[in-house]
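Report on the structure given below.
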Amino acid sequence: MSDCCSAPGLMPFNTALKQLLDNVPSATKTQMLAIEDCLDRVLAADVVSPVNVPPHNNSAMDGYAFHSSSLSLGGEQTMQVVGRSFAGEPYSGKTNVGECIRIMTGAKLPECCDTVVMQENTSVDNNTMALVKAPKAQANVRYCGEDISKNEAVFSKGHKLSAIDLGMLASLGIADVEVFAPITVAVLSTGDELKSPGQTLSDGDIFESNRFALLGLLARLNVNVLDLGIIADDKQAIRDAFIKADLEADVVISSGGVSVGEADYTKDILDELGSINFWKIAMKPGKPFAFGKLPNSVFFGLPGNPVSALVTFYKLSVPGIEKMQGQPYKANTQFSAITTTPLRKSPGRMDFQRALLSYNEQGLAQVTSTGSQGSGVLSSIGRANCFIVLSAEQGSVEAGESVIVEPFTSVFQ
Ligand code: AMP
Ligand code: MG
């Protein structure tokens with residue numbers, strides 16, 4: 001791993017992301033799991049359909065089924081109803097020319113039939129069905145394997161299973177799948193000034209918030225979490241906490257102490273324990289960020305400022321954790337919108353400004369800054385649903401100009 005601190009200036013955001021992704025290990029541990037336990041889990045093997053869906057030709061309508069050769073009968077078209085096929089109760093007999101069966105939606109179409117007329121286009125008197133409007137030959141039939149055919153690839157390794165995917169697996173008769181095992185992520189906050197909510201603040205203290213937000217975000221990522229709490233700015237306490245975290249977790253995340261202030265021992269201890277790079281990334285919020293390896297785990301050192309901590313976690317640690325759980329990197333969706341507010345920016349760093357995306361009366365995307373973009377102003381994220389992403393080179397933007405927006409994913413909503 002190259003040390004970017006020695007490089008002059010700041011590291012471009014995309015370089016940091018690439019280095020991070022190149023250096024986190026890929027997922028290896030897998031497990032077989034019942035599909036009902038697989039929501040948001042990542043497949044560790046391709047899934048191939050063991051069956052045809054639908055498993056047999058069936059009717060798309062409630063109506064009458066017959067062979068299309070019956071349609072060539074001249075004059076008024078009538079057919080004798082000789083049987084019925086209901087869902088789960090197929091017709092096992094034959095139909096001759098001029099004969100049909102009653103059939104319901106989804107019911108199996110017998111081999112002797114290839115066409116269905118919807119019941120609204122018929123009139124029926126006792127066992128005689130008259131075609132009020134004749135269907136085309138082969139109309140209203142759903143064919144065996146039309147949705148998915150046997151041995152067709154359904155999902156690839158690395159696919160994250162949604163609720164709909166679980167329904168799909170069930171529809172194929174698949175009860176268990178092989179998924180990647182969740183990794184364990186340890187979280188700790190450093191700082192003598194930090195007090196837990198519920199405690200009394202002494203002069204100069206603040207309530208600790210990063211860990212609570214991070215634990216919530218981690219819950220969305222389906223990892224096992226090890227919460228190590230607040231660690232005082234004390235060399236031995238920090239060393240003990242990192243050693244414990246490294247022994248028990250695959251990923252260790254700390255916040256605070258990476259911008260190297262006087263009472264921040266994090267850097268010294270990490271240097272002693274592992275191989276960690278202290279990056280200065282050309283991104284705002286979030287310039288300081290530490291990344292590297294401890295003896296048994298990957299380390300992400302987030303800045304202490306709450307907005308910086310959350311944005312660097314979301315933009316850098318989340319893709320790393322996703323890779324470690326088997327998910328290939330996929331950039332978040334971005335598109336253009338008109339900003340309704342002017343945006344202040346000086347060239348140099350990539351900006352992730354917090355904003356609210358909406359649609360105007362013409363249906364065009366517009367975006368409005370959520371106000372103060374200070375790296376400690378947590379409410380600026382709380383009120384936002386997207387980032388306005390301004391490139392490093394870009395300067396200030398006037399209201400009415402087009403900007404790139406990146407809606408928050410479900411991890412951040
Ligand atoms: P540091 O990176 O440790 O110098 O912290 C930068 C700023 O973030 C300081 O104002 C800290 O008080 C604040 N900070 C650090 N950790 C936390 C935390 N876990 N929750 C809230 N604020 C924090
Ligand atoms: Mg600190």
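Counting from 1, the numbers follow the sequence of the chain as shown. Both counts, for ligands and for their atoms, begin at 1 and track the order of listing.
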Legend entry - Any donor-acceptor N or O pair under 3.5 Å, side chains Glu406, Asn332: yes

Legend entry - Lys/Arg cation over aromatic Tyr91: Arg84, 6.0 Å, 45° cone: no

Inset, instruction - Run the ring-centre check on Phe291 versus Phe300 and record whether the distance is less than 6.0 Å. - result: yes

Inset, instruction - Step through it carefully: locate the ring centre of Phe387, locate the ring centre of Phe408, and say whether they are under 6.0 Å apart. - result: yes

Element-labelled atoms of ligand 1 that are located less than 4.0 Å from some non-hydrogen atom of [X]:
| X | answer |
| --- | --- |
| Ser255 | 19 (N) |
| Asn305 | 6 (C), 7 (C), 8 (O) |
| Glu208 | 18 (C), 19 (N), 20 (N) |
| Gly257 | 1 (P), 2 (O), 3 (O) |

Inset, instruction - Using a 4.0 Å heavy-atom cut-off, say whether Ser189 meets ligand 1 through its side chain, its backbone, both or neither. - result: side chain

Legend entry - Residue portion contacting ligand 1 (non-hydrogen atoms closer than 4.0 Å) for Ile230: neither

Closest protein heavy atom to [atom], given as residue, atom name and distance to 0.1 Å:
| atom | value |
| --- | --- |
| atom 4 (O) of ligand 1 | Ser259 OG, 3.7 Å |
| atom 17 (C) of ligand 1 | Asn210 ND2, 3.4 Å |
| atom 11 (C) of ligand 1 | Glu193 OE2, 3.1 Å |
| atom 22 (N) of ligand 1 | Ile206 CD1, 3.4 Å |

Legend entry - Nitrogen or oxygen atoms of Phe207 and ligand 1 under 3.5 Å apart: no

Inset, instruction - Ignoring angles and geometry beyond distance, decide whether Gly304 reaches within less than 3.5 Å of ligand 1 through its nitrogen or oxygen atoms. - result: yes

Inset, instruction - Test Gln353 against every option in Val405, Val397, Leu390 by the side-chain contact (heavy atoms from CB on, under 4.5 Å) rule and name the one that passes. - result: Leu390

Legend entry - Arg211 to ligand 1, any heavy atom closer than 4.0 Å: no

Inset, instruction - Give a yes/no verdict on whether any heavy atom in Ser209 is under 4.0 Å from an atom of ligand 1. - result: yes

Inset, instruction - Ignoring hydrogens and angles, tell me if any N or O in the side chain of Asp205 forms a donor-acceptor pair with the backbone of Lys195 under 3.5 Å. - result: no

Inset, instruction - Verify the neighbour count for atom CG of Leu201: are there more than 12 heavy atoms of other residues, nucleotides or ligands below 6.0 Å? - result: yes

Inset, instruction - Nearest 0.5 Å please: distance from the CD atom of Gln373 over to the CZ atom of Arg344. - result: 10.5 Å

Legend entry - Lys267 with Glu272: basic N within carboxylate O range, under 4.0 Å: no

